[in-house]
Number of protein chains: 2
Amino acid sequence: MEPTILDVAEKAGVSPSTVSRVINETAPVAEATKKKVTDAIESLGYRTNKFAHALRKQSSNVFGIIVPDISNPFFSTLIRGAEDRFHEGGLSTMICDTKGEPKKEIRNIEMLVKERVDGVVATSAESAGNGINRLFEEEIPVVAVDRSPTSNEITTVLADNEGSGKKATGHLLEKGCRRIGFVRGPSGVSTAHERFTGYVNALEERELHADDDLITQGDFTFSSGKRALERLREKNRNSGPPDGLVVANDLMAVGVIRKAEELNVKVPGDLAVVGFDDILLSKLINPTLTTVSAPTYRMGATAAGLLLNEVESNRMGRADRGKRVVFATELVERESSQLGGG
Amino acid sequence: MEPTILDVAEKAGVSPSTVSRVINETAPVAEATKKKVTDAIESLGYRTNKFAHALRKQSSNVFGIIVPDISNPFFSTLIRGAEDRFHEGGLSTMICDTKGEPKKEIRNIEMLVKERVDGVVATSAESAGNGINRLFEEEIPVVAVDRSPTSNEITTVLADNEGSGKKATGHLLEKGCRRIGFVRGPSGVSTAHERFTGYVNALEERELHADDDLITQGDFTFSSGKRALERLREKNRNSGPPDGLVVANDLMAVGVIRKAEELNVKVPGDLAVVGFDDILLSKLINPTLTTVSAPTYRMGATAAGLLLNEVESNRMGRADRGKRVVFATELVERESSQLGGG
DNA sequence: TTGAAAGCGCTACCAA
DNA sequence: TTGGTAGCGCTTTCAA
């Protein structure tokens with residue numbers, strides 16, 4: 001049988017309370033007593049019983065991490081950032097993959113509620129963040145990452161997506177592109193929308209404007225990128241093709257590049273392409289993809305840190321929430337945007 | 001305050017034991033009483049307290065899933081298979097990403113032990129499965145997936161890797177390749193070794209034999225694939241280059257293809273390439289990659305199912321373990337192996 | 001600085 | 001078919 005705190009107490013010749021105090025450093029204990037206790041713990045191989053501890057403290061010391069797709073390097077890096085921060089504090093984590101499906105997200109959240117996690121870092125499937133609201137109702141602390149939730153009571157960690165859109169567009173302008181198109185992401189996702197806003201603003205700053213014939217939409221998948229280019233070529237059969245394309249994420253951008261190849265459109269010769277996220281694939285394809293990257297690991301770590309603060313201040317009876325942290329992004333220049341004019 | 005089972009009992013005018021019996025269906029309860037109880041539960045919004053339940057039952061109803069890399073589609077699919085099976089039974093899961101580092105694996109396992117999970121499905125970082133042994137010591141039921149553990153007491157779910165190696169090699173032989181090389185995976189990984197064995201056997205069956213000049217090793221990463229081809233060209237400067245290459249996983253195979261491009265070696269014209277795993281990337285690169293795929297989702301689901309059986313039989317005092325399930329694999333023919341001779 | 005003891009919320013035994 | 005109640009292993013008052 002597993003030894004309990006009583007066994008340790010007996011072996012050390014002290015009371016269970018003293019053992020508890022030694023383990024949790026929750027009150028001063030005489031050096032000599034402490035030694036007796038730690039020795040007893042050692043020799044019995046005692047480990048505290050999670051269930052009893054949690055029942056007594058009404059806290060699981062487990063934190064949830066929700067993302068739409070764990071196999072997307074953007075999110076697996078985000079997860080690593082958050083996990084490292086949690087593990088540092090001896091806290092455990094439950095990772096949930098919603099596959100971008102709101103239904104699955106709800107089920108995952110039900111699981112986290114059942115497990116009575118102490119808090120959640122979430123990139124919701126939908127921007128609106130139905131799931132996040134659910135957690136808010138349950139009074140489980142949440143920090144939103146890479147999504148702007150509706151409530152401004154919710155602490156949020158974001159990349160500067162509008163700035164990213166501006167950077168990508170500005171880069172193509174500098175490279176000499178004159179007709180720059182945009183492939184938008186899913187309508188519900190704030191990230192995608194903000195990138196588009198950046199594109200529009202970059203054009204307007206130079207007194208250009210976004211031509212409807214050069215704009216289409218995808219759903220962040222590879223194949224939707226392929227379809228997007230097809231649709232675009234259809235649209236501007238008369239007005240003439242774009243010479244540059246900003247694509248709302250890398251995976252779609254890769255789709256665009258593949259389709260361009262099929263259509264004998266040279267990238268970057270005929271069409272310069274920029275994506276967002278800097279996934280592994282972007283370095284592997286031919287031509288390599290120019291993209292805008294966010295400090296994903298730090299975003300995850302920061303989100304976890306803010307969540308921990310929030311949990312802590314809840315315990316102190318304070319309630320500080322609704323913070324907003326925005327991280328700057330960075331243009332990663334690769335082959336897909338290298339026109340002759342450099 | 002959260003309602004407890006006592007509140008429900010009071011509201012329904014019954015004893016707490018009866019409420020428990022209704023919730024857990026652990027003993028017959030009169031229809032009328034049951035209704036009173038469920039009504040009370042409903043109106044109070046009662047939910048059972050995980051901590052108290054777990055303490056009493058000495059069981060967390062949580063299962064661990066350990067993989068070397070969650071962003072590898074092979075493993076994220078495996079995870080999905082296992083998770084679906086667990087969630088079906090109302091069980092929760094903790095996913096652990098070891099990044100292929102034994103040290104991280106140990107830390108993850110410590111976490112699972114601390115959380116007192118009821119069982120673990122594990123693809124260990126090392127084949128030897130140090131971590132898995134640790135779980136075995138702790139008497140936590142384990143099922144190994146995609147790795148042959150040392151102990152044959154441990155239930156194992158595998159793909160037929162040797163068969164895969166044979167299939168890949170046989171395919172190139174049929175396509176007319178005469179000098180077929182192999183890029184091996186990390187030495188500690190049984191999967192990689194078995195694929196190589198299949199290659200050797202396929203050659204021997206046709207009374208050919210593996211030429212040392214055509215064999216090199218990588219570590220499953222993209223860049224190690226690039227280096228592998230370089231090294232190979234170095235090695236057979238005199239003996240002549242291979243006309244076909246079996247590469248122990250897709251990611252390295254993609255590296256090989258990219259490097260071939262740099263060296264002006266045409267794939268598949270000069271060099272046919274086959275990989276293993278059928279990751280997403282294999283469909284996206286140019287040329288698309290011929291590969292051997294395993295029924296990953298089913299492997300995950302099967303592993304979870306076997307684990308659940310094992311846990312169940314432990315509870316009944318039986319001990320059935322050490323089963324071994326091997327799944328057949330399938331060749332996915334794409335462009336990288338289409339020689340003129342079809 | 002230490003100990004005694006109550007009680008977190010649940011399940012399951014024993015009795016009725 | 002139901003109720004009373006002990007106890008899972010821990011933390012935390014209160015008292016010494």
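Numbered from 1 within each chain, the chains take letters A, B, ... in sequence-line order.
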[X] side chain near [N] phosphate (N/O to OP1/OP2, under 4.0 Å):
{"X": "A:His53", "N": "D:dG9", "result": "no"}
{"X": "B:Thr33", "N": "D:dT2", "result": "yes"}
{"X": "B:Gln58", "N": "D:dG9", "result": "yes"}

Roughly how many Å is it from [atom1] in [X] to [atom2] in [N], rounded to a whole number?
{"X": "B:Asp7", "N": "C:dC10", "atom1": "CG", "atom2": "C1'", "value": "13 Å"}
{"X": "A:Asn24", "N": "D:dC10", "atom1": "CG", "atom2": "P", "value": "10 Å"}
{"X": "A:Leu55", "N": "C:dT11", "atom1": "CG", "atom2": "C1'", "value": "13 Å"}
{"X": "A:Phe51", "N": "D:dC8", "atom1": "CZ", "atom2": "C1'", "value": "11 Å"}
{"X": "A:Arg21", "N": "D:dC14", "atom1": "CZ", "atom2": "P", "value": "14 Å"}
{"X": "A:Asn49", "N": "D:dC8", "atom1": "CG", "atom2": "P", "value": "11 Å"}
{"X": "A:Asn61", "N": "D:dC10", "atom1": "CG", "atom2": "C1'", "value": "13 Å"}
{"X": "B:Arg56", "N": "D:dT5", "atom1": "CZ", "atom2": "P", "value": "16 Å"}

Salt bridge or not between [X] and [Y]? Use side-chain N to carboxylate O under 4.0 Å.
{"X": "B:Arg47", "Y": "A:Glu138", "value": "yes"}
{"X": "A:Asp118", "Y": "A:Arg315", "value": "yes"}
{"X": "A:Glu88", "Y": "A:Arg85", "value": "yes"}

Identify which nucleotide among [options] has an atom closest to any side-chain atom of [X], counting heavy atoms from C-beta outward.
{"X": "A:Val14", "options": "C:dG3, D:dC10, C:dC10", "value": "C:dG3"}
{"X": "A:Ala30", "options": "D:dT2, D:dG9, C:dT2", "value": "C:dT2"}
{"X": "B:Thr48", "options": "D:dC10, C:dC10, C:dT2", "value": "C:dC10"}

Checking B:Asn49 side chain against B:Phe51 main chain: does a donor-acceptor pair fall under 3.5 Å?
yes
How is A:Ser20 classified with respect to the nucleic acid when contacts are heavy atoms under 4.0 Å: base, sugar-phosphate, or nothing?
base
Hey, which sits more toward the 5' end of DNA chain D by its nearest nucleotide, B:Ser15 or A:Lys57?
B:Ser15
Is it the case that the base of D:dG4 and the side chain of B:Ser17 share a donor-acceptor contact (distance under 3.5 Å, atom types as modelled)?
yes
Looking at B:Lys35, I want to see if its NZ is surrounded by more than 12 non-hydrogen atoms of other residues, nucleotides or ligands under 6.0 Å.
no
